[in-house]
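Each chain gets a letter, A, B and so on, in the order the sequences are listed, and its residues count up from 1.
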Amino acid sequence: MIEPRSTTPGPIDREIPSSLNQLYQEVILDHYRKPRNKGQLDEATHAITMNNPLCGDVIELMLRVKGGSIAEARFLGRGCSISQASASMLTGRVLGKSLEQALELSGKFTHLLHGDGALLSDDDLGDLRTLAGVSKFPVRIKCALLAWNCLEELGDGTGADGGSG
Amino acid sequence: MIEPRSTTPGPIDREIPSSLNQLYQEVILDHYRKPRNKGQLDEATHAITMNNPLCGDVIELMLRVKGGSIAEARFLGRGCSISQASASMLTGRVLGKSLEQALELSGKFTHLLHGDGALLSDDDLGDLRTLAGVSKFPVRIKCALLAWNCLEELGDGTGADGGSG
Amino acid sequence: MAAMTDTKHATGVLASERPPEAAGHGWDPAAIRAQFPILSREVNGHPLVYLDNAASSQQPLRVLNRVERYLREEHANVHRGVHRLSAEATEAYEGARRSVAAHAGTRDPAEIVFTRGATEAVNLVASSWGDASIGTGDEIVLTKMEHHSNLVPWQLLAGRTGCKLRFVDVTPEGTLDLDDYDRLLGRRSRLVACTHVSNSLGTVNPVREIVDRAHAAGALTLIDGAQAAPHMLTDVAKIGCDFYAFSSHKMCGPTGVGALWARRELLEEMPPYQGGGEMISEVKLEGSSWAKIPHKFEAGTPNISGVVGFGEAARFLADLGSEAIASHEGALKRAVLGRLREIQGLHLYGPREERGRTAVFSFAYGDVHPHDLSTILDQRGIAIRAGHHCNQPLMDHYGISSTARASFYFYNSPGEIDVLCDGLAMAAEVFGGVA
Amino acid sequence: MAAMTDTKHATGVLASERPPEAAGHGWDPAAIRAQFPILSREVNGHPLVYLDNAASSQQPLRVLNRVERYLREEHANVHRGVHRLSAEATEAYEGARRSVAAHAGTRDPAEIVFTRGATEAVNLVASSWGDASIGTGDEIVLTKMEHHSNLVPWQLLAGRTGCKLRFVDVTPEGTLDLDDYDRLLGRRSRLVACTHVSNSLGTVNPVREIVDRAHAAGALTLIDGAQAAPHMLTDVAKIGCDFYAFSSHKMCGPTGVGALWARRELLEEMPPYQGGGEMISEVKLEGSSWAKIPHKFEAGTPNISGVVGFGEAARFLADLGSEAIASHEGALKRAVLGRLREIQGLHLYGPREERGRTAVFSFAYGDVHPHDLSTILDQRGIAIRAGHHCNQPLMDHYGISSTARASFYFYNSPGEIDVLCDGLAMAAEVFGGVA
Ligand SMILES: Cc1ncc(COP(=O)(O)O)c(C=O)c1O
Ligand SMILES: Cc1ncc(COP(=O)(O)O)c(C=O)c1O
Ligand code: FES
Ligand code: FES
């Protein structure tokens, strides 16, 4: 019979792997726990809800576009730290941009997540660069892109419902 | 590229395996090619059709029971040499027997096919003993038993339709 | 490649060559682990700690080797063939049916229909029995803890027939509310379909009781045994149910195969399920007649090698013995419960005591999202599952969208519990503490 | 056991380690045979001569080893998992989908739905597309040479919907009567379901022509490719059909897996098939929404190892090359036709010339019943099939109940033709001559 509690053979390596430290940086956890611009946007001109097939988590992205540029951005929904941080950062970085410019940013961000290191020096990405660590965790890239997929759908026009969120 | 016609490596063993000679004895092939009592039995008191799940072949067995004993037996259907020979022999061996006695014979025959060598000296089985070779070919036992399964169904009373075949 | 792998797992090969030792009498954890080649794999520089057994178990050498022998020496299409390979393949296939029948607790192998898995077994019943027997106004009683595989097929049936689905409530402790069950059961109830063991909570439901009450109300019963069969809790004769569904890949067997057990009379009455080869007796252009059970329900070439492996898995478990498995898993369960209770911020769903549960543990860990937790543990080689576990309505019931789930099997070791707890501590550190 | 087997088949292992040699450029029959461990087996003291390939083919080491590696190193349940094994298993599974898509001739892997086999693929279409699209008065055009798997599902659909089945006649040479086809096609035709290659006769049907005429009449088309895919005749883009069904186990892959290819728009419109895990997007007690294609049609844990092997088989065939396979099989076909013509009392069904047929040969041999012939040949290690080959209506058409069938694959050798002919001579002797 086995003992209900035994010791593992050999000492356990207690150090946190650097890949994890790079993934879960303080900035990211901060956005996760205190997301910016999370809430309903009553005067949204564009809104869409998308779901992450990996986990079923859902994000709703709402934009108010005024005079050709994004005047306000908010999001709702729940998910992991990566998806929440990414959404939170998105709502800050797209302000003042046209939808086109926002899509360009989305393209860059996607490349960053797929390991394009050159983008680490692209200031347009701002704090989004702290999410570069996700590139080492391929199954989690969908998390980081969830809010951005919403943006892309909105940019394509297909998701715009022109009314309230 | 391969040659359209080549020779096999090494000489081919041309001798017929003894198991085959025992299986396809002349008596059996003779019953196959000249089945006895094959045809419609218009005055049948018992008749049933059964199918062999191995191959889909079908045998219809018809009996005329008079005064408690089998006065006439005929069969129809098609199948392999073993099933045809077995049916042909059945129609000969059960004559004059009561249904009960016929079922007893069926039991013996079944044991013979499952390898009970002692039955080789049982005269009641008669030429059915030439089918003992089937025991070496387990998948073919169903062939040898097809007509006998009809008999057993009739004996159980379930298959009797008391009228014409 | 095969040869290389064998050299690498030499101990495993040895273990497979002395089955009597691994089987039954003295339970030798090391010998048992050695039977499972994948357990000696490393992940991210750490020994694999595989705690995702409720999703799919691993296969022992006995099963791998049996399947390999089948493929290297015996493969041909089954049934109706005269040549040797076909006869051998058929015997291997039908022999496996006998082993799986024994595992399910029936003496009649014809009561076992091979399917792709538990999911297809439920779909088979919904489609064959359901479409023939269910109409508008009829009710099917399910529970709020059903796996999607024992829920969606009934939703689809309801869409086709207009029948109504009713759902037995789940208590805060994660057990079925049997009073609610009594309220729902009524003269319109035609079927009660209920899981034997919850794949998220580990709850072992009182299936005998559930079946008896259903029968008293005149309803048939389907028990989803996907999470029970691996632990040898399956005994259809004792449970008294009408249908029982389970999967090979959760009980040390291959993927792509499972079984529906059903009472012979039911199977005989039910119309066929899919059409094709093997399931017919006679085919004419104008119409066809059907083969006897179980073949009536097995259209087309089956998963022969999968079935052969499934049979070997059933024999492997039988050789280990249900008591030995239960006692080892019980010890693991006790130990895990003790340790998890000590961990700050960890909230366990489902039964908090040993009784009435298996060694499947779903939990929340502070505000660490289950997927983040799984990513972190994976860096230590620990495989847990994060998500809704195909139990979205149960998640809704708890007001959550996912849990972290660690599910143990008999080949897990107490040492792996330590590694898990250590991983949880590391996750707390990564997240700067858990609330 | 695995280790022993490997030692025994050492040449095979070597061959598997240098795929480039076996693949493409020079066709080395010995190296190719060495890839298939079962081909070095003996039956009744004779080397196995496996001529039952139309029923099921054998698996090469490449496939066996890929599956074994999967099971020993990568197995976990697919999709939605975060931990390493689950990610690897998912990649292996979805990678196989890409390989199978390439084999079918599509660039869109989402157009490939994995099923248990060709039979289930047809049933899927009959159930999902059929129940949603077909009503009383509609007609489905089939042919008299369909395998039961492409006939019975439509009979069952006709039973559910009241639609009518029409059957294209077969000429004495075993080809489709296209004039009859034209007569049957009409404005009520909703679907034409036709086999690409006949499993009994070897006839290669003019599928492009059949599809074009169906489309002109406004009907969709399903091509049963079970006997075409093994010979790399499958190219859905060129054929232009709407559905295409095939099986892994007939093309060097595992049993229990096959594929339905269908045009993306059709799959997207079609309602789900079975309900359960994997196929959902969101599940509520009251109702559910579905996953994107192809997952919408793959309920439950799939045959993961089977799919992985299927993908490897598709790559194996691609590496051999369709031209090399066609040229080797063409040579075998020529040689067999030449030899069979010389044999007294042998009556060949189906096309008597090379053109428009594969190397599948159904025949009668005097009054020697096909099962007796198979028993006799088996004593020489020769595996042929006797029976109706799931083609009862075609047998009825010829007024027979069964044939003997020898079906060749690319790993067969010319020497095996000699052995077969010799076996036939022996059978004549056993029967005291054939009429
Ligand atoms: C309780 C329960 N039922 C049904 C299933 C479905 O089993 P499978 O995916 O093997 O068809 C599972 C496994 O996922 C399960 O845990
Ligand atoms: C022409 C044809 N269609 C369909 C099938 C059915 O394939 P499976 O049994 O693999 O489902 C077969 C094989 O038996 C076949 O030859
Ligand atoms: S795990 Fe759901 S969004 Fe990241
Ligand atoms: S093969 Fe049909 S009865 Fe023998």
Side-chain angles (χ1 to χ4, degrees), chain C residues 1-3 5-6 13 37-38 41 43 52 55-56 59 64-65 68 71-73 76-77 80 82-85 116-117 119-120 123 148-149 152-153 155-156 167 249 254-256 274-277 280 283 285 287-288 299-301 303-306 371 374-375 378 383 385-387 390 392-393, chain D residues 1-3 5-6 13 37-38 41 43 52 55-56 59 64-65 68 71-73 76-77 80-85 116-117 119-120 123 148-149 152-153 155-156 167 249 254-256 274-277 280 283 285 287-288 299-301 303-306 371 374-375 378 383 386-387 390 392-393:
Chain C
M1 166 48 81
T5 319
D6 279 320
V13 172
I38 204 169
R41 163 175 180 169
V43 166
D52 193 17
S56 198
Q59 294 176 38
L64 298 176
N65 291 343
E68 191 175 343
L71 294 172
R72 284 171 177 259
E73 300 177 17
N77 213 329
R80 295 169 180 267
V82 168
H83 63 78
R84 174 77 72 89
L85 291 185
R116 179 173 29 249
T119 301
E120 195 186 27
N123 278 277
H148 295 165
S149 291
V152 181
Q155 292 180 335
L156 295 175
F167 298 95
H249 71 96
T255 55
Q274 302 186 333
I280 56 92
V283 175
L285 291 175
S288 304
T301 304
N303 185 353
I304 312 172
S305 68
H371 285 75
S374 182
T375 291
D378 187 51
R385 189 141 291 237
C390 298
Q392 283 190 336
Chain D
M1 166 48 81
T5 320
D6 278 321
V13 173
I38 204 170
R41 157 170 187 173
V43 166
D52 194 17
S56 198
Q59 294 176 38
L64 298 176
N65 291 342
E68 189 174 345
L71 294 173
R72 284 172 177 258
E73 300 177 17
N77 213 328
R80 296 170 181 267
V82 168
H83 64 78
R84 175 77 72 89
L85 292 185
R116 179 175 26 253
T119 301
E120 195 187 24
N123 278 277
H148 295 166
S149 291
V152 181
Q155 292 180 334
L156 295 175
F167 298 95
H249 72 97
T255 54
Q274 301 186 333
I280 56 93
V283 175
L285 291 176
S288 304
T301 304
N303 184 351
I304 312 172
S305 67
H371 285 74
S374 181
T375 291
D378 187 52
C390 299
Q392 283 190 334

Any idea which heavy atoms bring [X] and [Y] closest together, and the distance?
X         : Y         : result
Ile38(C)  : Glu73(D)  : CD1-C, 3.6 Å
Ser56(D)  : Ala76(C)  : CB-C, 4.5 Å
Ser374(C) : Val82(D)  : OG-CB, 3.5 Å
Arg72(C)  : Asn65(D)  : NH2-OD1, 4.4 Å
Asp52(C)  : His83(D)  : OD2-NE2, 2.8 Å
Gly277(D) : Ser149(C) : N-OG, 3.2 Å

Original post:
In chain order, what residues pass the side chain to side chain donor-acceptor pair (under 3.5 Å) check against Glu120(D), with sequence neighbours excluded?
Top reply: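 Side chain to side chain donor-acceptor pair (under 3.5 Å) check on Glu120(D) returns Arg116(C), Tyr273(D).
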
Subject >> Thr255(C) side-chain N/O to Ile304(D) backbone N/O, donor-acceptor pair under 3.5 Å >> reply: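 Yes; judged by distance alone, with no hydrogens or angles, the pair exists.
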
Original post:
Ignoring hydrogens and geometry, is there a side-chain-to-backbone donor-acceptor pair from Arg80(C) to Cys390(D) under 3.5 Å?
Top reply: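 No: the side chain of Arg80(C) does not pair with the backbone of Cys390(D).
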
At a 4.5 Å cut-off on heavy atoms, which part of [X] comes close to chain C: side chain, backbone, both, or neither?
X         : result
Leu71(D)  : both
Asn303(D) : both
Asn77(D)  : both

Subject >> Heavy-atom proximity to chain D below 4.5 Å, by part of Leu64(C) >> reply: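 For Leu64(C), the contact with chain D is made by the side chain alone.
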
Subject >> Closest-packed option against chain D by number of heavy-atom pairs under 4.5 Å, given Gly287(C), Gly387(C), Ala386(C) >> reply: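 Max contact count across the listed options: Gly287(C).
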
**OP:** Identify which of Thr119(D), Val283(D), Thr375(D), Ile280(D) forms the greatest number of heavy-atom pairs closer than 4.5 Å to chain C.
**Re:**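 Ranked by heavy-atom pairs under 4.5 Å with chain C, first place is Val283(D).
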
Original post:
Would you say Gln274(D) and Val152(C) make side-chain contact, with heavy atoms under 4.5 Å?
Top reply: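 Gln274(D) vs Val152(C): side chains apart.
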
**OP:** Please examine the side chains of Arg41(D) and Leu85(C), heavy atoms only from C-beta on, and report whether any two atoms are closer than 4.5 Å.
**Re:**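 Side-chain contact under 4.5 Å: yes.
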
